[in-house]
Amino acid sequence: MDFDLSESQNMLLDTAKKFLEKEAKGLARQVEKTDAGYSPELWQKIAELGWIGLVFPEQYGGIEGTFQDLVLLVEEMGKAVFPGPFTTTAISGLSILDHGNSSQKDAFIPALTDGELIISPALIKPDPLMNESIVHDQASMKNGKYLLSGTRLFVPFGHVAGRFIYEADTDKGKTLFLIDAGNPGIRCLPLDSIAGDKPCEVVLEGVEVSEEDIIGTPGKAEKIIKQINTRGALLESAYICGMLEQVLKMTVEYANEREQFGDKIGALQCIQHQCADMATDTDQVKFLTYEAAWKLSKGLPADKEVSMAKSWASDASRRVCLLGVKIHGGTGVMEEHDMQIYFRKAKAEELAFGDGDFHREIVATQLGL
Amino acid sequence: MDFDLSESQNMLLDTAKKFLEKEAKGLARQVEKTDAGYSPELWQKIAELGWIGLVFPEQYGGIEGTFQDLVLLVEEMGKAVFPGPFTTTAISGLSILDHGNSSQKDAFIPALTDGELIISPALIKPDPLMNESIVHDQASMKNGKYLLSGTRLFVPFGHVAGRFIYEADTDKGKTLFLIDAGNPGIRCLPLDSIAGDKPCEVVLEGVEVSEEDIIGTPGKAEKIIKQINTRGALLESAYICGMLEQVLKMTVEYANEREQFGDKIGALQCIQHQCADMATDTDQVKFLTYEAAWKLSKGLPADKEVSMAKSWASDASRRVCLLGVKIHGGTGVMEEHDMQIYFRKAKAEELAFGDGDFHREIVATQLGL
Amino acid sequence: MDFSFSAEEEKFKQEVQELFISEEELSKAAKKEWNTGLGFGPNCWKILQKIGERGWLCPTWPKEYGGLGLSYMYRYIVVEQMHHFVDIYTTVGAGMAGPIILSHGTDEQKNKYLPPIARGEVEFVLGYTEPQAGSDLAALSIKAEDKGDYYLINGSKLFNTRAHYSQYHWLGARTAVIKPKYKGISLFIVDLKNTPGITISPIWSVGGTRTNEIFYDNVKIPKDSLVGEANRGFYYILEALDYERISTVAGLERDFKELVEYVKEKRKAGDPIIRQKLGGLAAEIESARLFALKVAWMLDNGRVPNYEAAMLKMKVAETEQNLVNTAMQIFGPYGQVQKGCRWAQFDGQFERFYRDSLENLITRGTSEIMRNIIAQRGLGMPRR
Amino acid sequence: MDFSFSAEEEKFKQEVQELFISEEELSKAAKKEWNTGLGFGPNCWKILQKIGERGWLCPTWPKEYGGLGLSYMYRYIVVEQMHHFVDIYTTVGAGMAGPIILSHGTDEQKNKYLPPIARGEVEFVLGYTEPQAGSDLAALSIKAEDKGDYYLINGSKLFNTRAHYSQYHWLGARTAVIKPKYKGISLFIVDLKNTPGITISPIWSVGGTRTNEIFYDNVKIPKDSLVGEANRGFYYILEALDYERISTVAGLERDFKELVEYVKEKRKAGDPIIRQKLGGLAAEIESARLFALKVAWMLDNGRVPNYEAAMLKMKVAETEQNLVNTAMQIFGPYGQVQKGCRWAQFDGQFERFYRDSLENLITRGTSEIMRNIIAQRGLGMPRR
């Protein structure tokens with residue numbers, strides 16, 4: 001049993017804290033009004049720091065960290081609400097590493113760890129009840145090439161991705177493709193969202209893709225997608241964990257400074273108890289996330305643990321941020337204060353890779369129900 | 001719009017408060033260890049006060065009050081956790097009044113208002129998954145008589161009932177009978193329960209019943225049963241409302257007296273806020289109950305309102321009692337203190353005529369979902 | 001006990017409804033304007049005036065000042081219908097400033113301000129909050145010095161939400177440095193359009209609502225700007241709370257109904273979890289509605305709804321949170337996209353509401369302040 | 001970071017498990033006895049002695065006093081297994097009195113009391129609470145007067161739960177009337193079996209658990225009953241909290257697992273609402289388990305888990321409430337009937353648990369006290 005970080009994890013987080021403190025302060029606020037929605041300049045810097053390559057082998061420009069290291073780094077990013085396609089690029093790269101062939105690995109992972117290539121999973125199919133006018137899924141063969149059409153939603157940073165991970169139902173069954181975002185049949189539309197984090201609508205119309213762009217065995221997409229979703233859910237939990245730690249910190253600081261009725265509001269029992277509840281909720285997210293990360297890193301089955309973490313994180317994200325807003329009072333709802341950024345981001349992270357109800361349902365299944 | 005009670009309601013409640021204060025103090029504690037589970041002596045007294053006849057016409061020994069009056073009286077009983085088959089006898093009687101023929105009315109309602117006859121709805125069929133060894137439902141005809149077999153559960157005060165309201169699936173469809181509890185084919189077993197309130201298992205084996213004992217039109221039982229359940233749910237809400245008012249009162253009194261750390265615990269903000277939440281929850285139960293009662297009294301459709309009231313009451317009953325227990329500290333969990341009686345009774349009332357989930361589901365249906 | 005409106009009230013309600021229905025386009029346009037977060041636009045003014053010209057904006061006021069001399073229940077009915085049709089609850093003039101002018105103003109002030117308020121022609125912006133005086137209103141520090149012929153005002157006010165379209169500032173300022181602090185506060189009416197030295201600076205909320213900071217730099221205001229007696233302002237504010245307490249959940253009811261229809265349409269009505277959530281919300285909204293009715297009824301019957309009003313305020317704000325949260329949960333990932341996006345459900349209305357509703361948890365007293373009131377005034381628990 | 005036991009710990013855990021499995025009948029009988037609410041019966045004593053004779057009851061103690069000189073994680077493992085198999089968590093001797101005797105007792109006291117505690121042969125009943133001293137332990141008033149050759153005790157103690165089967169009273173008594181009050185408290189060991197003037201009077205809890213009031217009427221106890229220095233008792237109690245903090249959710253995990261199996265068997269596994277409730281509970285129990293492990297790990301690493309232990313205490317008690325409440329909701333009307341009834345699910349186990357679990361919300365500090373600790377010690381918020 002060890003709840004401490006390793007030497008190298010401490011070093012990684014030390015650097016991360018310093019870097020984020022120096023470079024990323026106020027970044028979330030700045031970039032959400034830009035078209036990119038993130039800072040390409042800082043993206044290069046974190047590539048140089050080895051963050052994008054954190055979990056990849058040296059031969060591909062990585063530094064061979066564990067998935068647990070990645071979780072810890074993402075937690076730090078969450079504290080700073082660091083914007084960008086970091087987690088989704090990392091898990092996309094891991095899919096190529098785990099399931100791609102060697103030429104795919106050679107072609108894409110070094111570009112990814114260098115910060116040159118952003119890969120985004122484009123896996124969420126629209127519910128036609130929400131909007132009927134969509135390009136429906138089609139996959140046919142022509143001259144040995146696949147012709148793919150379809151609509152995918154909420155593709156993270158799709159507008160700056162070089163490649164999409166895309167699933168199509170081909171003659172061989174559900175098959176995963178790594179599609180060049182520059183393909184002329186693709187349209188990508190960033191959507192305005194509560195978190196200002198550029199989820200995209202990606203539309204394929206008759207996009208020609210060759211067999212070489214298939215990841216893994218044709219017809220076997222589902223297992224890889226599940227892995228992507230599991231990793232994604234856990235990294236979101238870590239990001240939420242960081243956010244909530246920061247919200248708690250900000251809130252306690254505010255309460256310990258703010259005076260009303262001749263006393264610090266932090267001396268009020270109701271404020272203290274709300275902060276205690278925020279702390280407990282946050283620690284629950286943290287430990288559940290850490291345990292799931294440890295299991296994933298060890299290669300142990302972790303579906304249940306990941307879903308426990310994400311279900312708690314999703315619900316705690318709203319609970320904790322709402323208390324944060326309330327304790328900040330009028331200040332907390334002002335655009336100029338950071339509190340509201342966390343509140344808005346929390347909604348996006350709550351939803352990403354499945355909300356609380358969704359993951360509790362998975363836990364139930366994992367319990368054998 | 002009028003949130004006040006009428007003159008006659010005020011009089012009724014005045015008498016009720018005084019009577020219950022004088023006669024029923026400590027009663028719940030005393031009778032739960034007796035075989036009867038209520039006080040037959042006080043039963044006679046409340047009959048004399050006209051309570052059992054409250055909603056019945058004068059010709060049957062009643063005093064022609066409204067259903068709203070009944071709700072208010074039951075609320076007072078809830079404050080005193082007055083034990084006995086009052087609500088179930090009243091709603092059983094109302095079924096006879098509404099659906100019985102004149103000879104049934106003449107035979108049973110005066111006996112009921114006099115306090116001589118207790119009638120109990122025996123309508124809950126056991127879930128065979130919970131216990132397989134039951135007498136299964138059967139209804140056949142023999143010499144113009146019905147022969148009924150079946151098991152019914154959680155029959156309130158079945159052991160002292162003179163008649164049961166029982167539903168059987170006959171050749172004419174679902175039919176409601178008013179069965180003599182003294183019938184030799186009937187066994188009645190009071191069950192030990194958390195609230196000590198004698199829910200009974202009633203077993204019929206080849207019980208012979210004549211056509212005269214059918215209430216309403218043969219084959220049309222469902223509508224009457226629904227009415228019984230609606231009325232029952234609302235009276236339970238009223239009883240819970242009274243209980244919660246009393247729990248709140250006891251708790252505030254305790255908090256305003258109890259000293260710890262040199263101060264009344266009632267001066268602590270966390271205690272005050274918990275009490276404020278208890279008060280709000282209780283008032284929600286109260287107003288929802290009153291509105292539903294008013295609708296029922298006016299003959300307006302009230303299924304949605306009753307289920308809103310009971311769903312809130314069921315869940316609030318636990319929330320409020322749990323806070324009451326916590327604020328009372330060690331005292332609250334001691335057998336010798338009344339707090340625990342309310343906590344235990346709350347569970348029984350929460351369940352009676354449907355719990356929170358059950359009634360929220362009805363509300364959803366009523367919303368057209 | 002009776003939970004229905006009287007025949008006269010019912011008739012009045014019909015009339016009010018009919019106005020909004022006959023002015024459907026205008027109502028919708030006003031609602032849309034209001035929901036930009038920018039406050040009153042031309043359509044808002046227009047509909048307010050239509051309400052006002054019938055005497056409905058201040059139905060409890062005497063006829064001479066533009067009212068109808070009716071009971072609080074009529075005001076409740078108007079507020080309910082306004083909330084339902086245009087989302088605007090009331091004006092600060094009709095709900096907060098006006099009642100104080102009516103009780104404590106001079107005849108001149110009454111004649112000058114009340115009729116245009118009642119006609120819906122002018123609006124007041126509330127000027128109570130300061131950076132160090134939020135929940136603790138008595139701590140306000142903006143200074144109003146009596147200079148003989150005029151008052152000299154210096155300082156600033158935060159969260160003056162309606163400043164950019166109001167004619168008047170309803171200003172709470174310090175006229176005496178004294179302990180207890182609340183005994184040194186006075187109320188003033190400041191003409192925002194014609195007074196030099198005032199700067200209005202916008203602040204934006206997370207919900208996209210514009211509010212403002214107002215700076216007073218050696219601002220001279222006439223002596224007759226003072227309302228009532230000097231240093232009695234805090235008492236007047238507390239008194240006026242009654243009137244302010246008329247509240248409604250009509251907007252929530254409307255949104256909830258739309259949400260239920262949406263769930264049916266999107267074929268999610270069979271989902272037991274959604275059914276539970278909506279069933280629970282229905283009960284919660286209904287209980288809040290009954291709280292609101294009770295408060296209006298109490299006012300009409302000369303009872304002071306101090307803890308009841310606190311319960312109402314808290315319950316409405318929390319019910320609103322449950323509503324927006326439930327809606328967002330039902331939309332799933334589609335909830336996060338905003339107005340104008342083709343994937344936005346209800347054109348992003350709930351997305352905005354999800355942000356904008358936060359304010360209601362805080363303004364007019366946080367839920368924690370309300371719980372203090374319920375415990376201390378309602379339940380008789382000790383004050384420190 | 002590593003969430004697994006070491007190979008040695010794992011091996012130890014296996015051994016402990018094997019004992020309980022090989023003594024299955026005895027374990028079950030002990031669990032059954034314990035769950036009557038009457039405390040230790042013959043089977044409880046027997047299983048405790050089997051645990052004790054292996055040194056497992058106090059594994060962190062030195063070997064000379066019957067321990068094994070192992071780390072806190074081993075104690076965690078024993079507690080977890082005990083909780084799982086017999087529902088008994090620990091003894092007061094091993095968990096509360098013993099550690100103080102070990103740190104502050106005389107050699108004579110150590111030799112006399114520690115080995116039998118470690119062997120599971122004797123039990124202490126905690127004697128801290130009084131009617132006016134619950135959460136506020138420092139307010140205790142039972143008097144211990146130093147009469148030269150002996151101490152004279154007068155007064156009474158409330159909620160002495162284990163008094164009717166313990167050999168010793170672990171008594172906190174006032175030896176000095178002084179401010180602050182906590183500076184006048186001393187700890188004593190009182191031989192309950194051989195001391196005249198003591199009356200033990202039963203009190204019953206809503207859960208059917210027997211607890212007791214103990215009355216001291218001019219009771220003389222020897223001078224060497226005092227543990228450590230006079231008037232230092234409160235400090236010792238606080239110190240010992242560390243040891244006490246080892247906690248586990250093993251019993252909750254076991255009950256939860258049984259509940260899940262029950263839901264499958266009763267074909268309710270398809271109910272989405274039950275699935276949500278159980279899925280949420282699984283996460284909550286797991287997080288409480290991780291809190292417990294963290295505290296044990298901190299103790300092993302010389303860190304003081306003051307706010308972490310408070311969080312653990314609060315979370316375990318609240319998780320337990322969620323578990324019993326969920327179980328009762330799943331049973332519906334069948335939940336209300338009691339042990340022995342043929343309709344009782346799990347033979348009424350959860351019905352009793354529903355009542356009995358209330359105590360855990362209150363003993364060893366209410367959730368409200370825990371929140372104070374988390375805020376003030378953990379988050380650095382101001383103390384009054």
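Just so it is clear: chains get the letters A, B, ... in the order the sequence lines come, proteins before strands, and each one is counted from 1.
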Q: Assess whether atom NZ of A/Lys249 is packed by more than 12 heavy atoms of other residues, nucleotides or ligands within 6.0 Å.
A: no
Q: Among the options A/Pro199, A/Ser193, A/Gly332, A/Ala195, pick out the one with the most heavy-atom pairs lying under 4.5 Å from chain C.
A: A/Ser193
Q: Would you kindly say whether A/Asn229 and A/Arg231 are connected by a side-chain donor-acceptor distance under 3.5 Å?
A: no
Q: Out of A/Ile124, A/Leu322, A/Ile194, A/Leu189, return the one with the most heavy atom pairs under 4.5 angstrom to chain C.
A: A/Ile194
Q: Would you say the ring centroid of A/Phe358 lies under 6.0 angstrom from that of A/Phe353?
A: no
Q: Given heavy-atom pairs under 4.5 angstrom as the criterion, report whether the side chain, backbone, both or neither of A/Ser133 touches chain C.
A: both
Q: Nearest 0.5 Å, please: how far is CG in C/Leu323 from NZ in C/Lys277?
A: 13.0 Å
Q: Tell me, for C/Gln336 versus chain A, whether the close heavy atoms (under 4.5 Å) come from the side chain, the backbone, both or neither.
A: both
Q: Less than 4.5 Å to any heavy atom of chain C: does that hold for the side chain of A/Asp357, its backbone, both, or neither?
A: side chain
Q: Please classify the contact of A/Ile265 with chain C as side chain, backbone, both or neither, using a heavy-atom distance under 4.5 Å.
A: neither
Q: Is C/Gln132 close to chain A through its backbone or its side chain, or both, or neither, when contacts mean heavy atoms under 4.5 Å?
A: both
Q: So which residue, C/Gly340, C/Ala133, C/Ala138, C/Ala139, ends up with the most heavy-atom pairs under 4.5 Å with chain A?
A: C/Ala133
Q: Could you look at A/Leu153 and say if it's the side chain, the backbone, both or neither that has a heavy atom under 4.5 Å from chain C?
A: side chain
Q: Can you list the steps and then say if C/Val324 with C/Gln321 is a side-chain contact (heavy atoms from CB on, under 4.5 Å)?
A: CA-CA 5 Å; C/Val324 294; C/Gln321 286 303 308; 4.3 Å; yes
Q: Can you pull out the residues in residues 346-358 of chain C with any heavy atom less than 4.5 Å from chain A?
A: C/Glu351, C/Tyr354, C/Arg355, C/Leu358
Q: Could you tell me whether the side chain of C/Tyr216 reaches within less than 4.5 Å of the side chain of C/Leu171, counting heavy atoms only?
A: yes
Q: Under a 4.5 Å heavy-atom cut-off, does chain A meet the side chain of C/Thr211, its backbone, both or neither?
A: side chain
Q: Give the ring-plane orientation class for A/Tyr38 versus A/Phe157, where under 30° counts as parallel, over 60° as perpendicular and anything between as tilted.
A: perpendicular
Q: So does A/Glu201 pair up with A/Arg187, basic N to acidic O under 4.0 Å?
A: no
Q: What option among A/Met130, A/Glu350, A/Glu336 has the most heavy-atom pairs under 4.5 Å with chain C?
A: A/Met130
Q: Checking heavy atoms, do the side chain of C/Tyr334, its backbone, both or neither come under 4.5 Å from chain A?
A: both
Q: Go through A/Glu259, A/Gln274, A/Arg258, A/His328 and name the one with the most non-hydrogen pairs under 4.5 angstrom from chain C.
A: A/Arg258
Q: Between C/Glu318 and C/Arg371, is the closest basic N to carboxylate O distance under 4.0 Å?
A: yes
Q: Go through the atoms of C/Lys268 and report whether side chain, backbone, both or neither lie under 4.5 Å from a heavy atom of chain A.
A: side chain
Q: Sort out for me which of A/Met339, A/Gln340, A/Met334 touches chain C most, counting heavy-atom pairs under 4.5 Å.
A: A/Met334
Q: Does any non-hydrogen side-chain atom of C/Ser201 lie less than 4.5 Å from one of C/Phe215?
A: yes
Q: For residues C/Leu361 and A/Val325, determine if any side-chain heavy atom of one lies less than 4.5 Å from a side-chain heavy atom of the other.
A: no
Q: I'd like to verify something: which residue of C/Arg267, C/Glu265, C/Glu359 has the highest number of heavy-atom pairs under 4.5 Å with chain A?
A: C/Arg267
Q: Less than 6.0 angstrom separating the ring centers of C/Phe331 and C/Tyr262, yes or no?
A: yes
Q: For each of C/Ala344, C/Gly332, C/Ser367, tally heavy-atom pairs with chain A at distances under 4.5 Å, and name the one with the top tally.
A: C/Gly332
Q: Pick one of side chain, backbone, both or neither for A/Leu351, based on which atoms fall under 4.5 Å of a heavy atom in chain C.
A: side chain
Q: So which part of A/Phe261 gets closer than 4.5 Å to some heavy atom of chain C, the side chain, the backbone, both or neither?
A: both
Q: When you compare the side chains of A/Tyr254 and A/His337, does any donor N or O come within less than 3.5 Å of an acceptor on the partner?
A: no
Q: Among A/Arg344, A/Lys198, A/Lys345, which residue satisfies the salt bridge (charged side-chain N to carboxylate O under 4.0 Å, His left out) criterion with A/Glu32?
A: A/Arg344
Q: For the pair A/Asp355 and A/Lys310, find out whether any cationic side-chain nitrogen is under 4.0 Å from an anionic carboxylate oxygen.
A: no
